[in-house]
Amino acid sequence: MMEKNGLGLLHVYTGEGKGKTTAALGLALRAWGHGLRVGVVQFMKKGEDYGEILALRKMGIEVFQFGSGKLIAKGKHCQDDLDCAKRALDLSRSLLRSGEFDLLILDEVNVALYFGLIDIGEVLGALRQRDSGVEVVCTGRNAPE
């Protein structure tokens with residue numbers, strides 16, 4: 001059984017190829033199965049047509065999506081992209097402090113950092129100020145050192 005008192009770690013799933021979000025959602029499924037409260041904040045993603053998002057929502061796992069719905073490239077973002085990323089970070093900061101979730105996945109936060117949509121100092125500050133029992137997974141390519 002997954003024990004709540006063993007929570008509080010920070011996981012970073014990064015690298016080339018596929019599987020980072022899938023691995024994070026596998027951890028979410030395991031935690032949910034053990035009765036833990038799980039939340040997902042998706043940076044740069046929009047739309048409920050992803051099968052895994054539909055499944056999470058049917059299970060009662062809250063998924064918050066913040067994306068413009070269009071692809072962007074590094075250095076080629078617009079104000080809407082910045083605004084979406086800021087809202088995602090603001091909500092993440094609030095949820096990390098609230099203790100509302102035992103596991104919080106910050107999906108594609110590494111990509112938002114790489115694209116310069118949010119500031120690394122703000123992300124690190126939010127992670128450092130989180131409730132002591134909140135386990136966090138940060139996913140996405142190009143995670144900063």
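Values in this document were obtained by computation on a predicted structure and should not be read as measured data.
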Stepwise side chain to side chain contact (heavy atoms under 4.5 Å, CB included) test for T139 and T14: CA-CA 6 Å; T139 74; T14 192; over 6 Å; no
Distance-minimising heavy-atom pair for N110 and R141: CB-O, 3.5 Å
Nearest atoms (heavy-atom pairs only) where V111 meets G140: CG2-CA, 3.9 Å
Side chain proximity check, E135 to H11, heavy atoms < 4.5 angstrom: yes
Non-hydrogen atoms of A24 and V137 that approach each other most closely: CB-CG1, 3.8 Å
Any side-chain heavy-atom pair of M44 and L117 under 4.5 Å: yes
Distance in Å, L82 CG paired with C84 SG, rounded so as to fall on 0.5 Å steps: 9.5 Å
S68-D80 side chain donor-acceptor pair, cut-off 3.5 Å: no
Whether R37 side chain and E100 backbone form a donor-acceptor pair below 3.5 Å: yes
Check: R130 and L10 side chains under 4.5 Å, non-hydrogen atoms: yes
Pairing of D131 and R97 as salt bridge, 4.0 angstrom limit: no
D90 and K86 ion-paired at < 4.0 Å: yes
Any side-chain heavy-atom pair of V41 and I105 under 4.5 Å: no
Contact check, side chains of K74 and Y114, non-hydrogen atoms, under 4.5 Å: yes
Nearest atoms (heavy-atom pairs only) where L103 meets A31: CD2-CB, 3.9 Å
Side chain to side chain contact (heavy atoms under 4.5 Å, CB included) between W32 and M59, intermediate numbers included: CA-CA 9 Å; W32 178 85; M59 294 166 56; 3.2 Å; yes
Salt bridge K20-D107, side-chain N to carboxylate O under 4.0 Å: no
Test: R93 and E122 ion pair at under 4.0 Å: yes
